Student: 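Following this message is one structure expressed as structure tokens.
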There are 2 protein chains.
Amino acid sequence: MDEMGACCSASRELLGQLMDKWSVMVLYALRDGPLRFNAIKGALNGVTQKSLTQCLRRLERHGIVERRVIPASPVAVEYEVTPLGRSLGQLFLSMYTWTRDNMADIESAKAAYDARHPLAEAA
Amino acid sequence: MDEMGACCSASRELLGQLMDKWSVMVLYALRDGPLRFNAIKGALNGVTQKSLTQCLRRLERHGIVERRVIPASPVAVEYEVTPLGRSLGQLFLSMYTWTRDNMADIESAKAAYDARHPLAEAA
DNA sequence: CAGAATCCATATAGATACTG
DNA sequence: CAGTATCTATATGGATTCTG
């Protein structure tokens, strides 16, 4: 694979990190302003502390969200989307749009494929 | 999470299927026309038969590539990108562009984060 | 409150061997 | 040639418990 192939691969790897199971929804949950840890956890359905913590750490490390500790007792921690994070949100929006526009075609392709291949119809 | 959140989630799930480790590069390898199985395998570096087969099956099932068996001895199998696949390729291109344009910011954010957090600098 | 640490179930990738 | 089948190593996610 040549240069462009390698770049595609790097891009995929980076977005793979940023598009894990919860990141998209975290970014969406924070669209109107900062939230505290448990507020985010409440906004997402079914996320565990561990997964959410990992997700937020990764987003923080990549500069997508900012973590702010508010000294209090007990401590409060706020997360806010950065400008870079908003830019990523725009990209997510174009992905969402593509999915919405092509979902029907993809579903019918899957149905046709499953009809041709009677066995093994995993998701 | 409300409607939009659910749609984001569905979008992420779909693209997660279509953006696995090799799909992007398969699509890129087929950009100039159909190729046979082993030709694709040769174009990608380090892919195993199993992984490539799984990848191609998934792309075929979603209507991204078309599989064509050419009766011969031994049989030949060609894979070609569909129009839907080309549309997905455009989306991949916009992802690649975003990555390229923001890679520097992300890398410096990572470096700053790792400087603040001396331990545990996993990728 | 906001995590850290631990344990466990499952999913996935890779290597290898075999086949129509 | 173009796969399938099998086994194993590893990564990942969830549940649970504990703490400053």
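Keep in mind that this is a model prediction, so the values were computed, not measured. Naming convention: chains lettered A, B, ... in sequence-line order (proteins, then strands); numbering from 1 in each chain.
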Student: For nucleotides 10-20 of chain D, just jot down a letter per nucleotide in 5' to 3' order: B, S or -, based on protein non-hydrogen atoms under 4.0 Å.
Tutor: ---BBB-----
Student: How long is the line joining CZ of Arg36(B) and P of dG3(D), in whole Å?
Tutor: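 These atoms are roughly 11 Å apart.
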Student: Residues in side chain to side chain donor-acceptor pair (under 3.5 Å) with Arg36(B), at least two apart?
Tutor: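 By the side chain to side chain donor-acceptor pair (under 3.5 Å) rule, Arg36(B) matches no residue at all.
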Student: So, is Arg57(B) close to the dG3(D) phosphate, meaning a side-chain N or O under 4.0 Å from OP1 or OP2?
Tutor: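 So the side chain of Arg57(B) is within the cut-off, an N or O lying under 4.0 Å from OP1 or OP2 of dG3(D).
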Student: About how many Å separate CE of Met103(A) and OG of Ser11(B), when rounded to the nearest 0.5 Å?
Tutor: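 Reported value, rounded in 0.5 Å steps: 7.0 Å.
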Student: Nearest 0.5 Å, please: how far is CG in Leu88(B) from NE2 in His62(B)?
Tutor: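 Interatomic distance, His62(B) NE2 to Leu88(B) CG, rounded to 0.5 Å: 10.5 Å.
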Student: For Ile70(B) and dA2(D), give me the distance from atom CD1 to atom P, rounded to whole Å.
Tutor: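 So the CD1-P distance, Ile70(B) to dA2(D), works out to 9 Å.
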Student: Taking side chain to side chain donor-acceptor pair (under 3.5 Å) as the definition, give me every residue that meets it alongside Arg12(B), ordered by chain and number, with sequence neighbours left out.
Tutor: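 Per chain and number, Arg12(B) pairs via side chain to side chain donor-acceptor pair (under 3.5 Å) with no residue.
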Student: Anything under 4.0 Å to a heavy atom of chain A counts; send over the first and last such nucleotide of DNA chain C, read 5' to 3'.
Tutor: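 Boundary nucleotides touching chain A, in 5' to 3' order, are dC1(C) to dC7(C).
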Student: State which residues pass salt bridge (Lys or Arg N to Asp or Glu O under 4.0 Å) with Glu13(B); sequence neighbours excluded, sorted by chain then number.
Tutor: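 By the salt bridge (Lys or Arg N to Asp or Glu O under 4.0 Å) rule, Glu13(B) matches no residue at all.
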Student: Drop me the distance from Trp22(B)'s CH2 to Leu27(B)'s CG, to the nearest 0.5 angstrom.
Tutor: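 Taking CH2 in Trp22(B) and CG in Leu27(B), the distance rounds to 15.0 Å.
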Student: Donor-acceptor pair, distance only, cut-off 3.5 Å: does the side chain of Thr82(B) make one with the backbone of Gly63(B)?
Tutor: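 It does hold such a pair.
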Student: The criterion is side chain to side chain contact (heavy atoms under 4.5 Å, CB included); which residues satisfy it with Arg57(B), sequence neighbours excluded?
Tutor: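 Result, side chain to side chain contact (heavy atoms under 4.5 Å, CB included) vs Arg57(B): Tyr113(A), Thr53(B), Glu60(B), Arg67(B), Tyr79(B).
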